[in-house]
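One structure is given below, encoded as structure tokens.
For this chain, numbers begin at 1 and follow the sequence in order. We count ligands from 1, going down the list as the structure has it; atoms in each ligand are counted the same way. In what follows, every heavy atom counts, from backbone to side chain, and hydrogens, waters and symmetry copies are set aside.
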Amino acid sequence: MRSALFPRLEAPGDDVALRVGSEQVTSLELAQATAALQQRLTAAGHPPGARLAVWTQGSLETAVALVAAAAAGYQLVPLDPKLGPLELSHIVNDAAPVVALGADPQAVAGRIAIDTLPLTPELRRHPGPRPPTRQVDDAPLLVLYTSGTTGLPKGAVLTARNVAFNLDALARAWRWTAADTVVHALPLFHVHGLVLGLFGSIRVGGALHWFPRFVPREVAQALSVGTTVFFAVPTMYHRLSEAAQTDPQVVQGLAHARLLVSGSAALPQRDQQRLEALTGRRVIERYGLTETLINCAVRADDPPSAGSVGAPIDGIELRLVDDQRRTLEARDDATLGEIAVRGPHVFAGYLNRPEATAAVKDADGWFFTGDLACRKPDGQLRIVGRRATDLIKCGGYKVGAGEVEAALLEHPSVREAAVLGAPDADLGERIVAFVVLDTPTEPQVLQDFVASQLSPHKRPREVHVIAELPRNAMGKVVKAKLRHA
Ligand code: MLC
Ligand code: AMP
């Protein structure tokens with residue numbers, strides 16, 4: 001394994017590393033930003049190793065700051081700038097970052113007590129001595145907040161080695177090189193857009209063309225120039241396949257890309273087939289989690305295999321296990337087991353949550369994903385579902401039903417709430433809430449209320465008012481009955 005996390009920043013030049021809108025940044029500018037950020041933070045009493053929150057605004061400066069702070073040796077807590085007050089105060093208390101990069105001081109004033117550091121273009125136009133950049137070590141690089149079935153989000157701690165190992169394995173699987181430009185329109189506060197899209201491009205040596213907003217036609221145009229690789233969630237492929245029906249430019253862009261990769265949720269066969277009929281191209285899938293990064297990937301030269309997320313990436317161990325965590329050897333594409341993985345990509349643990357870590361990672365280093373799959377005779381996996389029905393994947397975002405229920409219960413007119421995921425052709429699953437009210441309230445008011453308390457993508461897309469929640473003899477809500485209500 002190469003020793004620097006971002007080798008190109010050790011000998012930077014005028015090669016383009018990032019493009020956002022009409023602006024672009026070279027690797028030399030990234031290296032300069034790395035040195036400048038380190039200098040400014042150290043002068044403020046925060047040497048490398050300190051934990052920084054990053055407000056991931058939709059700007060080029062955000063992408064520069066994420067790379068620069070990582071290369072300078074800081075721990076990063078990337079945050080959705082639209083986090084609601086409940087999540088924001090929880091994360092800031094839990095992670096205790098020393099500074100908020102890129103946060104609008106007015107927006108955080110009164111909500112949390114933290115120093116802010118603005119991100120300006122001057123950061124990358126800062127000639128001067130450049131200390132060596134971060135090496136691939138076992139120190140924390142990222143704390144990524146991820147929802148669970150209950151409670152508030154947990155911070156998954158990923159090390160530089162987790163990230164570097166995973167990216168190198170994916171580069172081999174996809175023959176991903178410096179000649180590729182990755183195009184994506186994903187947020188920079190989750191694994192998919194941040195680790196694969198941004199850090200991946202910088203480590204592998206190519207460029208990233210990032211779109212802070214997803215607009216099918218703009219993304220397709222970017223895909224039609226040069227050698228391009230596209231990373232997206234299934235909802236984006238769904239919307240592209242709709243757009244491709246009437247827009248030849250969308251067809252052309254998708255047909256031109258070297259590789260179309262989908263992940264973060266299951267890609268429906270219907271969308272795969274529609275895209276193939278319109279563009280002649282197949283989308284390949286890869287499967288991962290915040291806590292493990294990517295576990296399986298269809299390789300660039302694998303033959304098509306319906307519904308497959310590929311075989312385990314190089315250098316990791318993967319097992320299917322039964323309810324007692326006993327290994328299932330079957331490779332019959334029928335026996336169902338939970339996916340467990342072990343290897344240099346598995347996270348260090350949840351921040352401040354040893355019991356939560358012990359519940360998913362055993363003493364031998366095996367991580368239990370909660371995802372259910374079958375294995376084909378050639379070792380490729382097909383994901384069939386997940387153990388926890390209270391986890392919803394909406395547009396590729398993981399949302400805990402309990403989090404949305406707790407937010408609904410904060411509304412003065414809500415007496416009881418139950419939330420579940422319903423199948424949705426566009427979002428994969430849409431968040432549906434059932435509420436019992438004390439005072440009549442419009443569903444839209446409750447949707448907006450959740451959007452104001454939590455990140456807006458966690459809002460229920462449907463709210464049903466019912467007289468009482470169905471309960472079993474133990475008093476537990478029976479969500480299965482609501483599904484058919
Ligand atoms: C809507 N909005 C509201 C609102 N209703 N705001 C306040 N109150 C309300 N009631 C706003 C939203 O904030 C947003 O603003 C806009 O309206 C549209 O919101 P949306 O309807 O939620 O977005 P949508 O168009 O449905 O988004 C689809 C999407 C998005 C696919 C673009 O879901 C997305 O980006 N998904 C990516 C998720 C991802 O990266 N997952 C990776 C997890 S890592 P605005 O201003 O923002 O437009 C992982 C591991 C792995 O899973 O394997 O990869
Ligand atoms: P997150 O916690 O947001 O990182 O989400 C991880 C979860 O996304 C996994 O546990 C899976 O349930 C789901 N996931 C990721 N990639 C895929 C895929 N290709 N197919 C099906 N599910 C996926």
**Prompt:** Is the closest side-chain donor-acceptor distance between His457 and Ser455 under 3.5 Å?
**Reply:** no
**Asked** Which of the atoms in ligand 1, numbered in the order shown and given with their element, are less than 4.0 Å from a heavy-atom of Leu186?
**Response** 40 (O)
**Asked** Is the closest heavy atom of Thr146 to ligand 2 under 4.0 Å?
**Response** yes
**Shortest protein contact, atom 53 (O) of ligand 1 (heavy atom only)** = Arg286 NH1, 3.0 Å
**Message:** Can you report which non-hydrogen protein atom sits closest to atom 36 (N) of ligand 1, along with the distance?
**Reply:** Gly395 O, 2.9 Å
**Message:** Determine whether a donor-acceptor pair (N or O, by modelled atom type, separation under 3.5 Å) exists between the side chain of His411 and the backbone of Ser413.
**Reply:** yes
**Message:** Looking only at the side chains, is there a donor atom on one of Thr181 and His209 sitting less than 3.5 Å from an acceptor on the other?
**Reply:** no
**Prompt:** If you measure every N/O of His190 against every N/O of ligand 1, is any gap under 3.5 Å?
**Reply:** no
**Prompt:** Has ligand 1 got any nitrogen or oxygen that is less than 3.5 angstrom from a nitrogen or oxygen of Ser264?
**Reply:** yes
**Request:** Measure from NZ or CZ of Arg19 to the centre of the six-membered ring of Trp210, then state whether that distance is under 6.0 Å and the direction lies within 45° of the axis.
**Result:** no
**Asked** For ligand 1, does Lys393 get within less than 4.0 Å through its side chain, its backbone, both, or neither, judged by non-hydrogen atoms?
**Response** side chain
**Request:** Indicate yes or no: does an N/O atom of Ile294 lie under 3.5 Å from an N/O atom of ligand 1?
**Result:** no
**Request:** Tell me whether the guanidinium CZ or amine NZ of Arg134 lies under 6.0 angstrom from the six-membered ring centre of Phe6 and within 45° of its axis.
**Result:** no
**Asked** Does a donor on one side chain sit under 3.5 Å from an acceptor on the other, for Asn162 and His345?
**Response** no
**Request:** Mind checking ring-ring contact (aromatic ring centres under 6.0 Å, His included) for Tyr145 and listing every partner two or more places apart, or none if nothing turns up?
**Result:** none
**Asked** Which heavy atom of the protein is the closest neighbour of atom 16 (C) of ligand 1, given with residue, atom name and distance?
**Response** Lys82 NZ, 4.9 Å
**Asked** If you count the atoms of ligand 1 from 1 in the order shown, which ones are under 4.0 Å from a heavy atom of Arg213?
**Response** 45 (P), 46 (O), 48 (O)
**Asked** Among His190, Lys393, His192, which residue places a heavy atom closest to atom 3 (O) of ligand 2?
**Response** Lys393
**Message:** Please check whether Arg239 reaches ligand 1 - meaning an N/O of the residue sits under 3.5 Å from an N/O of the ligand, judged on distance alone.
**Reply:** yes
**Request:** Report yes if some N/O of Asp448 lies less than 3.5 Å from some N/O of ligand 1; otherwise report no.
**Result:** yes
**Message:** If we set the cut-off at 4.0 Å for heavy atoms, which region of Lys398 has an atom near ligand 1: side chain, backbone, both, or neither?
**Reply:** neither
**Request:** With heavy atoms of Thr235 as the reference, note each atom of ligand 1 found under 4.0 Å away.
**Result:** 31 (C)
**Asked** Think Lys154 forms a cation-pi with Tyr350, using NZ or CZ under 6.0 Å from the six-ring centre and within 45 degrees of its axis?
**Response** yes
**Request:** Among all protein heavy atoms, pick the one closest to atom 23 (O) of ligand 1 and tell me residue, atom and distance.
**Result:** Arg461 NH2, 4.5 Å
**Request:** Please could you name the atoms of ligand 2 that Arg286 approaches to less than 4.0 Å, counting only its heavy atoms?
**Result:** 16 (N), 18 (C), 19 (N)
**Message:** Holding to side-chain contact (heavy atoms from CB on, under 4.5 Å), I want the full list of residues that pass it with Val432, two or more places apart in sequence or in another chain.
**Reply:** Leu420, Ala422, Arg430, Phe434, Glu462, His464
**Prompt:** What's the shortest distance from atom 9 (C) of ligand 1 to any protein heavy atom, and which residue and atom give it?
**Reply:** Ala451 CB, 3.6 Å
**Request:** Indicate whether atom 14 (C) of ligand 1 is within a distance of less than 4.0 angstrom of some protein heavy atom.
**Result:** yes
**Request:** Provide, to 0.1 Å, the distance between atom 3 (C) of ligand 1 and the closest protein heavy atom, together with that atom's residue and name.
**Result:** Pro456 CB, 4.1 Å
**Request:** Examine Ser264 against ligand 2 and note whether any of their N/O atoms are separated by less than 3.5 Å.
**Result:** yes
**Prompt:** Are Gln245 and Arg274 linked by a side-chain donor-acceptor pair shorter than 3.5 Å?
**Reply:** yes
**Winner among Ser308, Ala265, Gly263, Ala388 once heavy atoms are compared against atom 18 (C) of ligand 2** = Ala265
**Prompt:** Is the CD atom of Glu355 crowded by more than 12 outside heavy atoms at less than 6.0 Å?
**Reply:** yes
**Asked** Under 3.5 Å, N or O to N or O, is Tyr287 touching ligand 2 that way?
**Response** no
**Item:** Under 3.5 Å side-chain donor-acceptor pair for Lys479 and Thr389
**Value:** no
**Prompt:** Under 3.5 Å, N or O to N or O, is Asp371 touching ligand 2 that way?
**Reply:** yes
**Item:** Glu285-Ser262 side chain donor-acceptor pair, cut-off 3.5 Å
**Value:** no
**Message:** Donor-acceptor pair, distance only, cut-off 3.5 Å: does the side chain of Arg375 make one with the backbone of Leu336?
**Reply:** no
**Request:** Find all atoms of ligand 1 within a distance of less than 4.0 Å from any non-hydrogen atom belonging to Pro187, and give their numbers and elements.
**Result:** 35 (O), 37 (C), 40 (O)
**Asked** Of the protein's non-hydrogen atoms, which lies at the shortest distance from atom 30 (C) of ligand 1, and what is that distance?
**Response** Tyr397 CE1, 3.8 Å
**Prompt:** Counting heavy atoms only, which of Arg459, Met236, His457 comes nearest to atom 21 (O) of ligand 1?
**Reply:** Arg459
**Asked** For ligand 1, which atoms sit closer than 4.0 Å to a heavy atom of Gly288?
**Response** 53 (O)
**Asked** By number and element, which atoms of ligand 1 are closer than 4.0 Å to a non-hydrogen atom of His192?
**Response** 42 (C), 44 (S), 54 (O)
**Prompt:** Within 4.0 Å of atom 1 (C) of ligand 1 (strictly less), any protein heavy atom?
**Reply:** yes
**Message:** Closer than 4.0 Å to some heavy atom of Lys398 - which atoms of ligand 2 meet that?
**Reply:** 1 (P), 2 (O), 3 (O), 5 (O)
**Item:** Under 3.5 Å: N/O of Thr290 near N/O of ligand 2
**Value:** yes
**Asked** Any idea which protein heavy atom is nearest atom 39 (C) of ligand 1, and the distance to it?
**Response** Gly396 O, 3.9 Å
**Message:** Please confirm whether His238 approaches ligand 1 to less than 4.0 Å, judged on its heavy atoms.
**Reply:** no
